[in-house]
Participant: 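Structure provided below as structure tokens; questions to follow.
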Amino acid sequence: MKLATWNVNSLTVRLPHVLDWLSANQPDVLCLQETKQEDSKFPYAALKEAGYNAVHNGQKTYNGVAILSPHAIEAVHLDLPNYADTQKRIIAATIQGIRVICAYVVNGQAVDSDKYHYKLAWLNGLQSWLQAELSQHEKLVVLGDYNIAPDDRDCHDPQAWLGQVLVSPAERAAFQQLLALGLHDSFRLFNDQAGEFSWWDYRMAAFRRNMGMRIDHILVSNALKPHCESCVIDKTPRKLERPSDHTPVVLTLANASP
DNA sequence: ATGGCAATTCGAAATTGA
């Protein structure tokens, strides 16, 4: 079973890239973030044509999350139940017996800004909701844009970024709190190298110079950990014309579905 | 050189992202 996450930075603009990527990779699950569209604009028909069912939790201009799968998408849930939020950042569903949670974590803008405090409060809400979800779903995976680089290997220049948003101690502690629920950063099950990134700034030729951050993650529950076969970052779409600034992360599970 | 790029929006310049 192949599951992937991709912040597309506008599905309106990126739909051709998404359709090409689905065709080339045939994932069982693709989670999207930053669709930036209302549900009425979501391309259900084009995805169906490509063989994919989809569920979407969207809004105009900002945020928006979706789950795509060729399989049945069941028990769909929108938003954090324990955190009042007008921003569309969460969609969850059960696919092939696996609980799939797609999350677009708050960016935070700058340490100590209002948005930063919103980020930390939101992450706290995510943590307690995930605890409840884990108690009901043994096989659970959380895919998304976490807007947190877990440690210095995940940042191209830790000195320059020291204490800033995406790497600040409080954000990293919040990420560790998620892992403390019994979740595992699947990429790190297979790769301990520094300099492996999922996002690069559009400016400064950052992609060419590999000045990036690893902020898109796939966390797996204890029950799924032994089924993990590989987790890789696919840089191919980042090399296309007019790319998203993020690129897909792909997890392969062996014999995880009943 | 503290900028740079890209996407969005009642449609120019402002806001946001990371």
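Order of the sequence lines fixes the chain letters, A, B, ..., with proteins taken first and strands second; residue numbering starts at 1 for each chain. All values below come from the heavy atoms of this structure, side chains included, with hydrogens, waters and symmetry mates left out.
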Participant: Could you say whether A:Lys36 or A:Val105 is positioned toward the 5' end of DNA chain B, judged by the nucleotide with the nearest heavy atom to each?
Facilitator: A:Lys36

Participant: Rounded to the nearest angstrom, tell me the gap between atom CG in A:Asn107 and atom P in B:dA18.
Facilitator: 5 Å

Participant: To the nearest angstrom, how far is A:Leu32 atom CG from B:dA7 atom C1'?
Facilitator: 17 Å

Participant: Which residues in residues 149-157 of chain A have a heavy atom closer than 4.0 Å to any atom of DNA chain B?
Facilitator: none

Participant: Tell me, please, which residues at least two apart from A:Gln177 pass side-chain hydrogen bond (donor to acceptor under 3.5 Å, both in side chains).
Facilitator: none

Participant: Look at the side chain of A:Ser113 and the backbone N and O of A:Ala110, then say whether any donor-acceptor pair between them is shorter than 3.5 Å.
Facilitator: yes

Participant: Whole-Å distance between B:dG17 P and A:Tyr104 OH?
Facilitator: 6 Å

Participant: Enumerate all atom pairs, one protein N or O and one N or O from nucleotides 2-5 of chain B, separated by less than 3.5 Å.
Facilitator:
residue : atom : partner  : partner atom : Å
B:dG4   : N7   : A:Arg203 : NH1          : 2.9

Participant: Can you check whether A:Asn9 has a side-chain N or O nearer than 4.0 Å to OP1 or OP2 of B:dA7?
Facilitator: no

Participant: In whole Å, what is the span from the CD atom of A:Glu34 to the C1' atom of B:dT15?
Facilitator: 13 Å

Participant: State whether A:Arg209 and A:Asp201 are salt-bridged, where the test is any N-O pair (Lys NZ or Arg NE/NH1/NH2 against Asp/Glu carboxylate O) under 4.0 Å.
Facilitator: no

Participant: Determine the Euclidean distance between corresponding P atoms of B:dA13 and B:dT2; express it in Å to zero decimal places.
Facilitator: 24 Å

Participant: Any side-chain donor-acceptor pair under 3.5 Å between A:Glu34 and A:Asn7?
Facilitator: yes

Participant: Suppose we screen for side-chain hydrogen bond (donor to acceptor under 3.5 Å, both in side chains). Which residues come up paired with A:Asn25, at least two apart in sequence or across chains?
Facilitator: none

Participant: Using whole Å, report how far CD of A:Glu171 lies from P of B:dG17.
Facilitator: 13 Å

Participant: Send over the distance from A:Asp145 CG to B:dT16 C1', rounded to a whole Å.
Facilitator: 14 Å

Participant: For A:Asp216, which residues count as a salt bridge (charged side-chain N to carboxylate O under 4.0 Å, His left out) partner, sequence neighbours excluded?
Facilitator: none

Participant: Toward the 5' end of DNA chain B, which comes first, A:Gly108 or A:Thr61, by nearest nucleotide?
Facilitator: A:Thr61

Participant: With A:Tyr52, which residues qualify under side-chain hydrogen bond (donor to acceptor under 3.5 Å, both in side chains), at least two apart?
Facilitator: none

Participant: Which nucleotide wins on minimum distance to the side chain of A:Ser10, given the candidates B:dT8, B:dA18, B:dT16?
Facilitator: B:dT8

Participant: Taking salt bridge (charged side-chain N to carboxylate O under 4.0 Å, His left out) as the definition, give me every residue that meets it alongside A:Glu196, ordered by chain and number, with sequence neighbours left out.
Facilitator: none

Participant: Among residues two or more places apart or on two chains, list those pairs meeting salt bridge (charged side-chain N to carboxylate O under 4.0 Å, His left out) that have a residue in residues 122-148 of chain A.
Facilitator: A:Arg99-A:Glu133

Participant: With a 3.5 Å cut-off and sequence neighbours excluded, list the donor-acceptor pairs that the side chains of residues 16-24 of chain A form with protein atoms.
Facilitator:
residue : atom : partner  : partner atom : Å
A:His17 : NE2  : A:Glu241 : O            : 3.3
A:Trp21 : NE1  : A:Asp234 : OD2          : 2.8

Participant: Yes or no on salt bridge (charged side-chain N to carboxylate O under 4.0 Å, His left out) for A:Lys119 and A:Asp114, after CA distance, side-chain angles and deciding distance?
Facilitator: CA-CA 9 Å; A:Lys119 180 178 193 174; A:Asp114 288 348; over 6 Å; no

Participant: Just to be sure I understand the rule, does A:Asp216 reach a base, reach only the sugar-phosphate, or reach nothing, if contact means heavy atoms closer than 4.0 Å?
Facilitator: nothing

Participant: Taking side-chain hydrogen bond (donor to acceptor under 3.5 Å, both in side chains) as the test, write out the residues that go with A:Thr61, two or more places apart.
Facilitator: none

Participant: Please state the P separation for the pair B:dA1 and B:dA12 - nearest whole angstrom.
Facilitator: 36 Å

Participant: Just jot down the side chain to side chain contact (heavy atoms under 4.5 Å, CB included) partners of A:Pro81, sequence neighbours excluded, or say none.
Facilitator: A:His77, A:Trp129

Participant: I need the OH-C1' distance between A:Tyr62 and B:dA6, as an integer number of Å.
Facilitator: 13 Å

Participant: Pull out every protein N or O sitting under 3.5 Å from an N or O of nucleotides 11-14 of chain B, one pair per line with the distance.
Facilitator:
none

Participant: Closest to the A:Thr12 side chain: B:dT16, B:dA18, B:dT8?
Facilitator: B:dT8

Participant: Can you check the distance between B:dA6 and B:dC10, where both ends of the measurement are the P atom (answer in whole Å)?
Facilitator: 23 Å

Participant: Take atom CD of A:Gln33 and atom C1' of B:dA18, then tell me their distance rounded to the nearest Å.
Facilitator: 14 Å

Participant: What interatomic distance, in whole Å, is found between C1' of B:dA7 and the corresponding atom of B:dG11?
Facilitator: 14 Å

Participant: Would you mind telling me which of B:dA18, B:dT9, B:dA7 lies closest to the side-chain atoms of A:Lys60?
Facilitator: B:dT9

Participant: I'd like the P distance from B:dT15 over to B:dG3, given in whole Å.
Facilitator: 15 Å

Participant: What's A:Lys115 touching, base or sugar-phosphate or nothing? Going by heavy atoms closer than 4.0 Å.
Facilitator: sugar-phosphate

